[in-house]
Amino acid sequence: ACENAGYRVVATDVDEPGLASLRESRPGTSTFVLDVRDLAAWERVLSEAEAQAGPIDVLINNAGVCRPGPCNQVSAEDDRLTVEVNLGGVMNGVRAILPRFLQRGRGHVINVASMAAFSPAPDLAAYCATKHAVEGMTKAMAIEWGRHGIRVNTLCPTFIRTPLSEPTLANPDHRAWIDSKIKLGRVGEIADVMGPVVFLAS
């Protein structure tokens, strides 16, 4: 959808095979391996991406992990990973891109949070905490950077069918609970999110 709207897309992930598959299906996409927890890696990847694709106009912070389970059973390591990726990764991305946006006097940041930022769910304590945090952080950043020509927004989808959500959707009890909460009566697809992304990017 972004490509159809005239954007050149640069994609990052920790999953190199996934990036290779993306390059095969979308040959015009530039890809880079990136662990969003690593601020130095952000700086390197942004510089390499700009050398290939030109100045970056829009940053979409979409990396996320989810380690579901009762909060007294999920390991401290899993909770730490959730916070470091879902919140720390967003902070790193914004920290790395801001000097570029400030120098040009414009730029757009889209932080992908979740409906969990407003409607918490059981067995997702750390995940919900990070999404609440991203929503609050985005509002503060929007106030802080708006006068510099930089827009900062969150996108808060409900359950979208992705590899991250498949284990939850495969559980019949969880799926029934999810379906009962969504007024359309179906789980979202990636295509449902692309329109809002293009709108916010524009």
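Because only heavy atoms are used, hydrogens play no part in the values below, and waters and symmetry mates are left out as well, while side chains stay in. Position 1 is the first residue of the sequence; numbering continues from there. The structure presented is a predicted model; accordingly, all values stated were derived computationally and were not measured.
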Polar side-chain atom of [X] near backbone of [Y] as donor-acceptor pair, under 3.5 Å:
{"X": "Tyr127", "Y": "Asp79", "answer": "no"}
{"X": "Ser202", "Y": "Phe199", "answer": "yes"}
{"X": "Arg151", "Y": "Leu200", "answer": "yes"}
{"X": "His132", "Y": "Ala117", "answer": "yes"}
{"X": "Asp123", "Y": "Pro68", "answer": "no"}

Could you grab the distance from atom [atom1] of [X] to atom [atom2] of [Y], nearest 0.5 Å is fine?
{"X": "Phe101", "Y": "His108", "atom1": "CZ", "atom2": "NE2", "answer": "7.5 Å"}
{"X": "Leu39", "Y": "Asn92", "atom1": "CG", "atom2": "CG", "answer": "4.5 Å"}
{"X": "Glu77", "Y": "Thr82", "atom1": "CD", "atom2": "OG1", "answer": "11.5 Å"}
{"X": "Ser30", "Y": "Leu22", "atom1": "OG", "atom2": "CG", "answer": "10.0 Å"}
{"X": "Leu81", "Y": "Asn86", "atom1": "CG", "atom2": "CG", "answer": "8.0 Å"}
{"X": "Arg147", "Y": "Trp145", "atom1": "CZ", "atom2": "CH2", "answer": "8.0 Å"}

Under the salt bridge (Lys or Arg N to Asp or Glu O under 4.0 Å) rule, collect the residues that match up with [X], sequence neighbours excluded.
{"X": "Glu144", "answer": "none"}
{"X": "Asp35", "answer": "Arg37"}
{"X": "Arg104", "answer": "Asp57"}
{"X": "Lys139", "answer": "Glu135"}

Taking only residues two or more places apart in sequence or in another chain, which ones pass side chain to side chain contact (heavy atoms under 4.5 Å, CB included) with [X]?
{"X": "Met91", "result": "Leu87, Met137"}
{"X": "Ala20", "result": "Glu16, Arg23"}
{"X": "Thr158", "result": "Met115, Ile182"}
{"X": "Pro17", "result": "Asp15"}

I'd like to check [X] versus [Y] (side-chain heavy atoms, cut-off strictly below 4.5 Å). Are they in contact?
{"X": "Asp13", "Y": "Phe32", "answer": "no"}
{"X": "Asn171", "Y": "Leu169", "answer": "no"}
{"X": "Leu98", "Y": "Ile150", "answer": "yes"}
{"X": "Val112", "Y": "Asn61", "answer": "no"}
{"X": "Ile160", "Y": "Ser165", "answer": "no"}
{"X": "Leu34", "Y": "Val14", "answer": "no"}

### Message
Please identify which of these residues, Val90, Ile60, Val94, Thr154, meets the side-chain contact (heavy atoms from CB on, under 4.5 Å) condition with Val109.
### Response
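For Val109, the side-chain contact (heavy atoms from CB on, under 4.5 Å) check succeeds only for Val94.
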
### Query
Which residues satisfy the side-chain hydrogen bond (donor to acceptor under 3.5 Å, both in side chains) test with Thr138, sequence neighbours excluded?
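side-chain hydrogen bond (donor to acceptor under 3.5 Å, both in side chains) list for Thr138, sorted by chain: Asn111.
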
### Query
Using links of under 4.5 Å between side-chain heavy atoms of ILVMFWY residues, direct or through other members, which residues join Leu19 in one cluster?
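Besides Leu19, the cluster holds Val33.
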
### Cluster companions of Phe118 among Ile, Leu, Val, Met, Phe, Trp, Tyr (side-chain spacing under 4.5 Å)
none

Distance-only check: which donor-acceptor pairs under 3.5 Å involve side-chain atoms of residues 184-198, not counting sequence neighbours?
{"from": "Arg186", "atom 1": "NH1", "to": "Asp192", "atom 2": "OD2", "distance (Å)": "3.0"}
{"from": "Arg186", "atom 1": "NH2", "to": "Asp192", "atom 2": "OD1", "distance (Å)": "3.3"}
{"from": "Arg186", "atom 1": "NH2", "to": "Asp192", "atom 2": "OD2", "distance (Å)": "3.4"}
{"from": "Glu189", "atom 1": "OE2", "to": "Arg161", "atom 2": "NE", "distance (Å)": "3.3"}
{"from": "Asp192", "atom 1": "OD2", "to": "Glu189", "atom 2": "N", "distance (Å)": "2.8"}

### Query
Mind checking whether Val134 and Val65 sit in one hydrophobic cluster, side chains of I, L, V, M, F, W, Y counted as touching below 4.5 Å?
yes

### Task
Report whether Met141 and Leu59 are members of the same hydrophobic cluster (ILVMFWY, side-chain heavy atoms less than 4.5 Å apart, transitive linking).
yes

### Message
Check this for me, if you would: do Arg100 and Glu50 make a salt bridge, where the nitrogen-to-carboxylate-oxygen distance has to be below 4.0 angstrom?
### Response
yes

### Task
Inspect the surroundings of CD in Gln52 and state if more than 12 heavy atoms from other residues, nucleotides or ligands are less than 6.0 Å away.
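Atom CD in Gln52 is crowded, with more than 12 foreign heavy atoms closer than 6.0 Å.
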
